[in-house]
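Notes to accompany the following structure.
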Amino acid sequence: MAFLSSRSRYAINVIQEEDEVAGRLMRSGKEVMRMNRGDPPAYFPAPAYFIDAYIKALKERKVYYSSPAGVPELREAISRRYERLYGVKSTGEDVIVTNGVSEALLFLNSALINDGDSAVIFKPYYTQYLPDLEFYGGKAAVCDYEEDRGWEVDIDAVERSIKRSVSKDRKPKYMLITNPNNPTGTVLDKKTLSEIVEIAKNYRIFLVSDEIYDEITYNGAKFTSVSQVAKGVPHMILNGASKGYDSTGIRIGYAFVPGDDAASLSIKNEFLNLARVRLSANTPAQYAFAEAISNKNAHDRAISQMRSAIEKRVNLAAKLINESKYMDTVKPKGAFYLLPKLHMDCLKIKDDKEFVDKLLKEEDVWLTRGSGFGADNHARIVALAPEAIITQAMEKIEKFCRRHSKGA
Ligand SMILES: Cc1ncc(COP(=O)(O)O)c(C=O)c1O
């Protein structure tokens, strides 16, 4: 009998699968260019008002367990945020605070997924969606972002695909969209979003929108929250401190469920049960995040600076990628990732896994393989580093491709 559970095979994170190789290189004195992890505070110092509020909470000894669903100050601040930004009325009771969106995703699957159940996921997807779902015995019913449409969705194809996964006695438990999307940078426009909401409504599938990059859009894109267009349709918004509030290591996320329909009430209640099981999210961090959300002026200043720096970095990376004959990319409109297609026919390299592994070992540039996001023969590049570093990394990638090109 195996010691580890069969479920343990789903405890994987593709973004960190080269950890050992990178660790070895760094210990040997190499300076590894880490373009694998979407970690804004590694490049944009976390805002002082957030840090000061954390220190204040610590000094006030707020290090006890919080109430499982979160401290009222934070739950209310989040509810007010949705009224301020998106005109959505709610109360603090509609918010369950989690240890990052990562924990909310585990809650989601734990709450809804039985062995053999399915959930709709849009591909390319954020890496953790699939193993999290499979860990709970679920399987994905996949819809596509289409690369030749600039990573947009074809809504008729989405509906056809959902129709196929619905039968008389079975249908997907939830439909999960990511807007803006990691890794494609797609920002769904209001019309497309409304059509997705309509599909969720018609097929009675619980809609979940991971909006962790909601304040990081650019290149003319306008963000619409599902909470604005799904009134009356059961839905949940996932978000947190990691990206827009530039504080990944604070580990605070939340599920916002503003509806009072039966599905929303039932999942809210189950999230509360699950929150009780793990006792509490990080208490001082919750007070700090409440302050960060409430300090609108300071936040607006910080996010607008970060957004315009990211826009420049992403656009520079896109330009350099598209100048290469070894890859091409769609220009993102949100988040801070690029997902170039590797021209494997020009390269003496088997696949994207070998590409990122060799690139790291030979050039000290650390990317993530696209197949981990459901995009074979692509690579994901995080464009948070300053422009000089992005340029340097792209030069190394180009040199690497030339060395491994079929003509070489
Ligand atoms: C789409 C998406 N959802 C969730 C997460 C994880 O968020 P958190 O740091 O809140 O756990 C990430 C992190 O990169 C992400 O890109």
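Just so it is clear, the model here is predicted, and its values are computed rather than measured. Just follow the structure's listing: the first ligand is 1, and inside any ligand the first atom is 1. Residue numbers count from 1 along this sequence.
Under the side chain to side chain donor-acceptor pair (under 3.5 Å) criterion, D52 pairs with no residue, sequence neighbours left out.
Side-chain contact of Y125 with N182: a donor-acceptor pair under 3.5 Å is absent, judged by distance alone.
The residues K399 and E363 are annotated as salt-bridged, a charged nitrogen and a carboxylate oxygen being separated by less than 4.0 angstrom.
Side chain of H378 to backbone of L342: no donor-acceptor contact under 3.5 angstrom is found.
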- Message: Is there a ring-ring contact (aromatic ring centres under 6.0 Å, His included) between F289 and Y245? Walk through the geometry before answering.
- Response: CA-CA 8 Å; F289 190 31; Y245 288 85; 5.1 Å; yes

Could you list each N/O atom of ligand 1 together with any protein N/O atom closer than 3.5 Å, one pair per line with the distance?
from, atom 1, to, atom 2, distance (Å)
ligand 1, 3 (N), D210, OD2, 2.6
ligand 1, 9 (O), S242, OG, 2.6
ligand 1, 9 (O), R251, NH1, 2.8
ligand 1, 10 (O), V101, N, 2.7
ligand 1, 10 (O), S242, OG, 3.4
ligand 1, 11 (O), V101, N, 3.2
ligand 1, 11 (O), S102, N, 3.0
ligand 1, 11 (O), S102, OG, 2.6
ligand 1, 11 (O), R251, NH2, 2.8
ligand 1, 14 (O), Y213, OH, 3.4
ligand 1, 14 (O), K243, NZ, 2.8
ligand 1, 16 (O), N182, ND2, 2.7
ligand 1, 16 (O), Y213, OH, 2.6

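At a threshold of 4.5 Å between non-hydrogen side-chain atoms, the residues V88 and S225 do not count as touching.
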